[in-house]
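Letters A, B, ... are given to chains in the order of the sequence lines, protein chains preceding strands, and every chain is numbered from 1.
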Amino acid sequence: MNNRYEPAEIEPRWQGVWEETRAFRALNPGDAGFDPEQPKYYVLDMFPYPSGAGLHVGHPMGYIGSDIVSRRKRMEGYNVLHPMGYDAFGLPAEQYAITRGVHPAQSTAKNVETFRRQLRSLGLSYDWSREFSTCDPSYYRWTQWIFARLYDLGLAYRTEVPVWWCEELKTVLANEEVIQGRSERGGHLCLRRPLSQWMLKITEYADRLLDDLETVDWPASVKTMQREWIGRSEGADVIFPIDGFEASLTVFTTRPDTLWGATFMVVAPEHALLEEITTESDREAVQDYVEQASRKSDLERTDLAKVKTGVFTGRYAINPVVDPDTEESRIPIFVADYVLASYGTGAIMAVPAHDERDFEFAKKYNLNIHEVVKPPEGEPGLSEGVCFSGEGTAIHSGPIDGLASPAAKLKTIELLRKRNLGDARVSYRLRDWLFSRQRYWGEPFPVLHRKDGSHLRVPDADLPVELPEMEDFTPADDGAAPLSRASDWVVASDPETGDTVRRDTDTMPGWAGSCWYYLRFMDPQNDEAPFSPEAQEYWGNVDLYIGGVEHAVLHLLYARFWHKVLYDCGLVSTKEPFKRLFNQGLLTAFAFKDSAGRTIPVDEVEERDGTHVKSDDGTEVEQVVAKMSKTLRNVVNPDDVVAQHGVDTFRIYEMFMGPLGESKPWNTRDVPGSRRFLEDVWKLFVDPSGSEPIRPHLREAVEGVLEGEALVLERALNRALKRIEESFETFKFNTAIAAMMEFKNVASKCRQVVTRSQAERFVCAMAPFAPHIAEELWSRLGHAEGIVRAPWPHHDEAYLEEEEYELVVQVNGKLRARVRAPKEADKVLLEELARGAAQKYLAGQSIRRAVVVPGRLVNFVLGS
RNA sequence: GGGGAAGUGGCGGAAUCGGUAGACGCAUCGGACUUAAAAUCCGAAGGGCUCUAAGCCCGUGGGGGUUCGACUCCCCCCUUCCCUACCA
């Protein structure tokens, strides 16, 4: 028998065994051997987007973490669902296909294959029988089916909206995919353009999406981000009559109590009434302004935000609470692009005394500023020349004078309601979800368009509406969807009348597939339903969801929305999809900066005498931490690490780097340390120069009382087991590995004393982290059954207490001595011991006080 | 501008409830083994001062405070990273 530690031999062998024995298969209700009494645990990774570049070492960070949890849960007796798949539809896949001139179906299949190979090589305990891609027709059939439910509920609707159009990508993008006027992917300039689109009424679920955040165990920061994204604000609609005009102007405000201070109004350049209300003499100026605003990208609109601009429309509104006989009741209406068409009503009442933006605008255009809220004592207000936007006491406001802001708000709303001039209203920052793309690589909508402009759903029985094969899938210059050119495919017959109808030619956005994949994993082969009620009932929701913070808002919000819709349809029994969420940290890498602050690629830098210098001219550079990127040439491929050291080393290193939740830099230099640890563990149990599978003294269990070194070892093991246990609470697996290393260090000094029981418990505790070596050692220890379902070892408190401990002796808070103290020593004895130990510091001094903390220290406070 | 997270040796990072700062590992330096090197094994090591022996001082971004005692709690400031960006 070869007794050297050879990961290249061990690892593929055990991976083969796991596959043959289907070691990680999760059993569903109805499967042979399913035990309804066994507790379930569902651990999910955010599935990857299979890009052409393959995995880099950052991807597996979270996967390894979730795998460790899965493996331990299995050892604790849970029926663990731990699946993996691919988020394969969407823009990036299509862009990649276009730049390479390959069909997206082909490039995606190839990328998926690379990802699968790499993931499999990492020894992750996925139930591979549940694997799928979102672009599989057998999957997207049900994505379409769920869309049909949304359609039936009236939650999907078509409307003409000004949408973000990206000229470069020839597509429409959602608000969330446009950052500062540029596409999130690729950074291309975008502009707004009206198009007929599918929208999903996520706003209808805003309150539930907000309220149910209370029920999930998620990082507070993610909850906050979601709350802010939904942006619920309570306020009121107020109707302002327009002077000499039939129509009125409605605004939304969160401060109805400041109504008496509204001295002008502003409408967005896109406001529907703008053209009508503009007077002849001002028409030209207004039209100019509107045109300018439409040409501005949002980038410019925000960048120039510091300087507000606007134009008078020539028209006046009437402040409904100001005496109509006074000139003050007539307030001018402006158009300005600091008011957004898409929020509230697209128009505001401007209260310059109590709103920073209005204040700025009023100062620039010399408009009236009328104070109606007195700031609380000590806070500066208008008299100090500052705009006070907080809450205070109403003044100069007739019927609400003297009321505190919250009461003033309520009373104003009551007044408005009585006079039919407005009412309380809640407004959200969240907009409905723009759900269609004029692209090829996505789920086609299961919708047919009749000649009369009406539309109907494709019957469920006819799903999936398969994506047609197309040679040329590039978007048309005019923005028409590629599918509209699939002339055979587009034509269909009306299921009711048999007339000719046209298929909808848009496709769903990339987010669609990831909205419910966690449900499909529960029952992935079902071809009668997206998942069976039994499977859903059993698996419930995801117990632990691990992924990056970049999905804190969109993916998680969209998935929660769909989940709630399915809940309303009676298809799922839980209100929330993900019980606990954990964000793994970003994996960074070292890079270098020269004195001018330019980043220098790693391969142009070398180390000389402890400093880093540029290879070509020897100038000193500074080491910094940056994201892994092609340009910095600091990307590390897991394949290389695995080839050199094996998967177990890779897994141990990734977890040993630091807490899973924190971002930390990869350093190839450190990897051999993890390899050495595994080599040492191996040698602890296997004699590399011998031929026995295991060190002979470990072959049989020895009975008897532990004493001497054996007892020391037992204590060390229990300490380690406890620390490993604790590491699962906070995902600080680095401390678990440190604990294993400490045990290994102690045990290596007295190898012959290690008992079989200790070896077994240690190997089991190590199994989730380094499963291959653990499995090999377990089998060498003579176990025919794999370690995958071996019992998880728990520590015994009895071995954590020692007879004696080291008592710290301080004088005036400074460490001066240490002394051995018996466990049960009382305060008097401890003080006495300490006094003896610190004698030389105490001689001739008067002790003012002695602080005795049993189990810890004694601190002598000397008199002055 | 707003919000959040974080600053500990040369590097990654430890440190339950406020109680021995620097666990564990990397790199480094000695020593052993070797013809030599690698690997391996043993050992040293926060910084400074110093009579080189026991010891002293300083040290968790900076400055204050609370406490017998602060990486940990409170106040102010600085830096870095992430998110967000006129939401009325």
Show me the donor-acceptor pairs, under 3.5 Å and distance only, between side chains in residues 344-358 of chain A and residues at least two apart or in other chains.
| unit_1 | atom_1 | unit_2 | atom_2 | d |
| --- | --- | --- | --- | --- |
| A:T345 | OG1 | A:T250 | O | 2.6 |
| A:T345 | OG1 | A:A347 | N | 3.4 |
| A:T345 | OG1 | A:A347 | O | 3.3 |
| A:H354 | ND1 | A:F388 | O | 2.9 |
| A:H354 | NE2 | A:V372 | N | 3.0 |
| A:H354 | NE2 | A:V373 | N | 3.0 |
| A:D355 | OD1 | A:R357 | N | 2.9 |
| A:D355 | OD1 | A:R357 | NE | 3.1 |
| A:D355 | OD1 | A:D358 | N | 3.1 |
| A:D355 | OD2 | A:R357 | NH2 | 2.6 |
| A:D358 | OD1 | A:Y338 | OH | 2.9 |
| A:D358 | OD2 | A:V351 | N | 2.9 |

Identify, with sequence neighbours excluded, every residue that meets side-chain hydrogen bond (donor to acceptor under 3.5 Å, both in side chains) alongside [X].
X      : result
A:R4   : A:E6
A:E729 : none
A:Q226 : A:R560
A:D237 : A:R425

OP1 or OP2 of [N] versus the side-chain N and O atoms of [X]: is any pair under 4.0 Å?
X      : N     : result
A:Y841 : B:C56 : yes
A:R429 : B:A85 : yes
A:S663 : B:C82 : no
A:N734 : B:G12 : no
A:R816 : B:C56 : yes

Protein-nucleotides 40-42 of chain B N/O pairs closer than 3.5 Å?
| unit_1 | atom_1 | unit_2 | atom_2 | d |
| --- | --- | --- | --- | --- |
| B:U40 | OP1 | A:R676 | NE | 3.4 |

Report the distance from atom [atom1] of [X] to atom [atom2] of [N], rounded to the nearest whole Å.
X      : N     : atom1 : atom2 : value
A:Y338 : B:A88 : OH    : C1'   : 9 Å
A:F731 : B:A14 : CZ    : C1'   : 20 Å
A:M225 : B:C83 : CE    : C1'   : 5 Å
A:E356 : B:C86 : CD    : C1'   : 11 Å
A:M655 : B:G25 : CE    : P     : 19 Å

Sequence neighbours excluded, which residues qualify as ring-ring contact (aromatic ring centres under 6.0 Å, His included) partners of [X]?
X      : result
A:F592 : A:H612
A:H551 : A:H555
A:W218 : none

Exercise. Is a donor-acceptor contact shorter than 3.5 angstrom present between the side chain of A:R232 and the base of B:C87?
Worked result: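 Result: no qualifying N/O pair found.
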
For this session: Could you give the distance separating B:G1 and B:G10 at their P atoms, to the nearest angstrom?
Result: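 Each nucleotide's P atom is 33 Å from the other's.
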
Exercise. Between which residue ranges does RNA chain B form stems of three or more consecutive Watson-Crick or G-U wobble pairs, both distances under 3.5 Å?
Worked result: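 The stems that RNA chain B takes part in, listed by first number, are B:1-7 with B:78-84, B:10-12 with B:24-26, B:28-32 with B:40-44, B:46-49 with B:55-58, B:61-65 with B:73-77.
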
Exercise. Can you list every salt bridge (charged side-chain N to carboxylate O under 4.0 Å, His left out) pair that touches residues 652-671 of chain A, not counting sequence neighbours?
Worked result: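 Output for this query is empty, none listed.
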
Please produce a list of atom pairs where a protein N or O lies less than 3.5 Å from an N or O of nucleotides 66-72 of chain B.
| unit_1 | atom_1 | unit_2 | atom_2 | d |
| --- | --- | --- | --- | --- |
| B:C68 | OP1 | A:R849 | NH1 | 3.3 |
| B:C68 | O2' | A:N859 | ND2 | 3.2 |
| B:C68 | O2 | A:N859 | ND2 | 2.5 |

Problem set entry | Pairwise 5' ranking along RNA chain B for A:G231 and A:K664, keeping only the more 5' one |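 The residue closer to the strand's 5' end, by nearest nucleotide, is A:K664.
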
For this session: Would you kindly compare A:K732 and A:R357 by the position of their nearest RNA chain B nucleotide and give the one closer to the 5′ end?
Result: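 Looking at the nearest nucleotide for each, A:K732 comes out on the 5' side.
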
For this session: Evaluate the side-chain proximity of A:M655 to A:I68: yes if any heavy-atom separation is below 4.5 Å, no if none is.
Result: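 Yes, at least one pair of side-chain atoms sits under 4.5 Å.
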
Exercise. If anything within 90° of 0 is syn and all else is anti, what is B:G46?
Worked result: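 Anti, which is what one calls it when the glycosidic angle falls more than 90° from 0.
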
